[in-house]
**Q** 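First the structure, then my questions, so here it is.
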Amino acid sequence: MKTEIAFIFDLDGVIVDTAKYHYLAWRNLANSLGFDFTKEQNEQLKGVSRVKSLEILLGIGNMKLPDEKKQELLIKKNEEYLSYVNNMTAEEILPGINNMLDFLIKNDVKFALGSASKNAPLILEKVGLINKFTAIVDGNQVTKAKPDPEVFLLGAEKLKMKPTNCVVVEDAIAGVKAANAANMTSIGIGNADTLKEANYVFEDTSKLTTEFLKSLIN
Ligand code: BG6
Ligand code: MG
């Protein structure tokens, strides 16, 4: 008998192209504090919660700030980020994703969202995908950020699936680590060197074909 599997998708950088907006908002914040923040350094922030991201950013800038100031900066970053998110449309769904989700629905394969973002429901609403997911786990529901496996384990629970039968699609190092720590199969989207801990890596979402999904399902 074949084993049923389910998928858990990260949001930012996998379903939608919001990773660039996060980067823009963090870079502008860094610049306003007087230091630069490169795309390479941004890899450390991918998949990481908003609060932890600020800690990493301030570490890069060699800055120590009082909690009150940090709260102010977190609000400022999110306000800029939301100004981009509010203009989002379905056009910002990454290549191949619509096709892939429709393929999974057609084949009765369940899938959930497993995102660190507290803005995830708003983004899914904006791009018209909110009703396609069997379950949604976002940054409002977890206490431990990726690379902790909590977000994916909760996703498996909501899907009523064993972790070993779940496949995670992730663009972040922290997310791949979280999937591995949850004993799930990990698919990385991005650079193969950066995501070397993933079980499979595809350069971008268009390369993750329904043929490949079929091979995992069967
Ligand atoms: C993750 C992103 O999906 O969500 C991170 O990769 C981001 O870059 C994190 O910091 C939290 O997002 P938000 O929307 O709650 O600030
Ligand atoms: Mg991501």
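What you see is a predicted model; the values in this text were computed from it and never measured. Counting starts at 1 for both ligands and their atoms, in listed order.
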**Q** Looking at E170 and F9, would you say the former's side chain and the latter's main chain have a donor-acceptor pair under 3.5 Å?
**A**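 Absent.
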**Q** Output the distance between atom CD (E80) and atom NZ (K76), rounded to the nearest 0.5 Å.
**A**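 One finds 8.5 Å between CD of E80 and NZ of K76.
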**Q** What count do you get for protein N, O or S atoms closer to the Mg ion (ligand 2) than 2.8 Å?
**A** 3
**Q** Would you tell me which option among Q44, R50, K46 has the nearest heavy-atom contact to atom 16 (O) of ligand 1?
**A**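 Minimum heavy-atom distance to atom 16 (O) of ligand 1 goes to R50.
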**Q** Could you check atom 13 (P) of ligand 1 against the protein and tell me its nearest heavy-atom contact, residue, atom and distance included?
**A** S117 OG, 3.5 Å
**Q** Applying a heavy-atom cut-off of 4.0 Å, say which part of K118 lies close to ligand 1: side chain, backbone, both or neither.
**A** both
**Q** Just distance, no hydrogens or angles: give the donor-acceptor pairs under 3.5 Å from side chains in residues 115-124, sequence neighbours left out.
**A**
unit_1, atom_1, unit_2, atom_2, d
S115, OG, S117, N, 2.9
S117, OG, N119, N, 2.9
S117, OG, A120, N, 3.3
N119, ND2, N78, OD1, 3.0

**Q** Looking only at distance, does Y81 have an N or O less than 3.5 Å from an N or O of ligand 1?
**A**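 N/O-N/O distance below 3.5 Å does not exist for this pair.
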**Q** Could you tell me the residue and atom name of the protein heavy atom closest to atom 3 (O) of ligand 1, and the distance to it rounded to 0.1 Å?
**A**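 Nearest neighbour among protein heavy atoms for atom 3 (O) of ligand 1, to 0.1 Å: D12 OD2, 2.6 Å.
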**Q** As a test of understanding, state which of D17, D10, T18 forms a side-chain contact (heavy atoms from CB on, under 4.5 Å) with V14.
**A** D10
**Q** Using a strict 4.0 Å cut-off to heavy atoms of S53, name the atoms of ligand 1 that fall inside it.
**A** 10 (O)
**Q** Show the nearest heavy-atom pair for residues N199 and M184, with the distance to one decimal.
**A**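 What the structure gives for the nearest pair is OD1-O, 3.9 Å.
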**Q** Between side-chain atoms of residues 100-112 and protein atoms elsewhere (two or more places apart, or another chain), which donor-acceptor pairs fall under 3.5 Å?
**A**
unit_1, atom_1, unit_2, atom_2, d
D102, OD1, K132, NZ, 2.9
N107, ND2, F103, O, 2.7
K110, NZ, L159, O, 2.7

**Q** Considering the heavy atoms of G47, write down every atom of ligand 1 situated less than 4.0 Å from one of them.
**A** 2 (C), 5 (C), 6 (O)
**Q** Using a strict cut-off of less than 4.0 Å between a Lys/Arg side-chain nitrogen and an Asp/Glu carboxylate oxygen, indicate whether E55 and K52 qualify as a salt bridge.
**A** no
**Q** Given side chains that start at C-beta, do those of L216 and I187 come closer than 4.5 Å, heavy atoms only?
**A**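 The answer is yes; the side chains approach within 4.5 Å.
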**Q** For atom 7 (C) of ligand 1, which protein heavy atom lies nearest, and how many Å away is it?
**A**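 For atom 7 (C) of ligand 1, the nearest protein heavy atom is V48 O, 3.3 Å.
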**Q** Inspect the contact between D12 and K46 and indicate whether a charged nitrogen and a carboxylate oxygen are less than 4.0 angstrom apart.
**A** no
**Q** Could you list all the ring-ring contact (aromatic ring centres under 6.0 Å, His included) pairs where at least one residue sits in residues 157-176, not counting sequence neighbours?
**A** none
**Q** Identify the closest protein heavy atom to atom 8 (O) of ligand 1: which residue and atom is it, and at what distance?
**A**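 For this ligand atom, the closest protein heavy atom is L45 O, 3.5 Å.
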